[in-house]
Amino acid sequence: MTVPADLHMIEVSGTEALWLLEGSARGRLIYVQREVAVVRPAAHVMEYGRLVVRAPVQATAIPGRALLTYHVDEVRTPAGTGWTVSAHGPADVITDPDEAAHYRRTLPGWSHGPHDTLLRLHPQQVSGFRLARTVSGAAR
């Protein structure tokens, strides 16, 4: 008889979490609006220690220097293995027209107009986990 595999979350260092984040391109922006957590799909790039995020959200929904969370993961199903990373910190809306034009050319978006916002998040906390399976027993 074989005992089923167990799922485990193994915490990774901040350096490895940043490496995983930098190696991905899509994630989810999480912010609070009217006391409710809102989650939006987003594209991102890490530059100069800051996370630039393009998400379908109105810029007015993000107050100046708002504390935001950005989440990225890669989970392989049905194995249930992979990783997950969250970055949290203050963010600013990118308002400079030249900088915004650059990121609109290089980061894919889902919508245009008032629901297409570029943010610069300054990660103060980055945490990550590897998702792994281990076999807790062998055939008897």
Side-chain angles (χ1 to χ4, degrees):
M1 176 174 153
T2 302
V3 177
D6 294 322
L7 296 174
H8 297 281
M9 289 179 60
I10 303 160
E11 191 167 7
V12 300
S13 70
T15 302
E16 184 176 356
L18 281 172
W19 180 77
L20 291 167
L21 181 64
E22 288 176 13
S24 63
R26 298 211 184 258
R28 287 168 292 288
L29 178 68
I30 304 159
Y31 62 98
V32 176
Q33 185 176 28
R34 291 186 222 116
E35 300 181 22
V36 175
V38 178
V39 180
R40 293 288 182 262
H44 71 273
V45 64
M46 283 290 292
E47 289 188 343
Y48 310 109
R50 292 172 297 223
L51 186 63
V52 176
V53 177
R54 183 176 183 183
V57 58
Q58 285 187 318
T60 56
I62 310 295
R65 298 301 283 177
L67 290 175
L68 303 179
T69 299
Y70 190 72
H71 181 80
V72 179
D73 59 40
E74 181 181 299
V75 179
R76 294 177 277 290
T77 55
T81 59
W83 54 268
T84 177
V85 171
S86 293
H88 181 76
D92 299 307
V93 174
I94 295 174
T95 57
D96 178 73
D98 294 330
E99 187 179 12
H102 164 72
Y103 288 119
R104 284 202 169 86
R105 281 190 306 272
T106 58
L107 286 173
W110 283 267
S111 63
H112 297 284
H115 286 86
D116 184 21
T117 299
L118 292 159
L119 302 161
R120 185 178 301 103
L121 191 144
H122 307 270
Q124 292 179 338
Q125 296 174 333
V126 179
S127 61
F129 293 89
R130 290 236 178 234
L131 310 173
R133 282 187 171 259
T134 57
V135 177
S136 56
R140 291 188 208 198

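Values below: all heavy atoms of this structure, side chains included; hydrogens, waters and symmetry mates excluded.
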Name every donor-acceptor pair, under 3.5 Å, that has one atom in a side chain of residues 36-62 and the other anywhere in the protein, sequence neighbours excluded.
residue	atom	partner	partner atom	Å
H44	ND1	A25	O	3.4
H44	ND1	Y70	OH	2.8
H44	NE2	L21	O	3.1
H44	NE2	S24	O	3.2
H44	NE2	S24	OG	3.3
E47	OE1	Y103	OH	2.3
R54	NE	D116	OD1	2.8
R54	NE	D116	OD2	3.4
R54	NH1	R104	O	3.1
R54	NH1	L107	O	2.4
R54	NH2	D116	OD2	2.7

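- With hydrophobic clusters built from ILVMFWY side chains whose heavy atoms lie under 4.5 angstrom apart, L18 shares a cluster with L29.
- The two residues P90 and L67 make their nearest non-hydrogen contact at N-CD2, 3.6 Å.
- Identified under the salt bridge (charged side-chain N to carboxylate O under 4.0 Å, His left out) test for residues 20-30, with sequence neighbours left out: R28-D73.
- Sequence neighbours left out, not one pair with a member in residues 74-95 passes ring-ring contact (aromatic ring centres under 6.0 Å, His included).
- Under the 4.5 Å side-chain criterion, counting only non-hydrogen atoms from C-beta, T117 is in contact with V93.
- Of all the heavy atoms in S86 and T69, the pair that sits closest is CB-CG2, 4.4 Å.
- Checking side-chain atoms of H71 against main-chain N and O of V85 turns up a donor-acceptor pair under 3.5 Å.
- Sorted by first and then second residue, the salt bridge (charged side-chain N to carboxylate O under 4.0 Å, His left out) pairs involving residues 78-91 (not counting sequence neighbours) form an empty list.
- Among residues at least two apart or in separate chains, there is no ring-ring contact (aromatic ring centres under 6.0 Å, His included) pair with a member in residues 15-40.
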Compile the donor-acceptor pairs under 3.5 Å between side chains in residues 9-16 and protein atoms, sequence neighbours left out, one pair per line.
residue	atom	partner	partner atom	Å
S13	OG	E16	N	3.1
E16	OE2	R130	NE	2.8
E16	OE2	R130	NH2	2.6

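- Across V126 and A87, no two heavy atoms sit closer than the pair CG2-CB, 4.2 Å.
- When the side-chain hydrogen bond (donor to acceptor under 3.5 Å, both in side chains) test is applied to H115, no partner is found at least two apart in sequence or on another chain.
- Looking at residues two or more places apart in sequence or on another chain, you find no side-chain hydrogen bond (donor to acceptor under 3.5 Å, both in side chains) involving Q33.
- Remark: R34 engages no residue in a salt bridge (Lys or Arg N to Asp or Glu O under 4.0 Å) (not counting sequence neighbours).
- Here salt bridge (charged side-chain N to carboxylate O under 4.0 Å, His left out) pairs that include residues 78-103, with residues two or more places apart or in two chains, are R65-D92, E99-R120.
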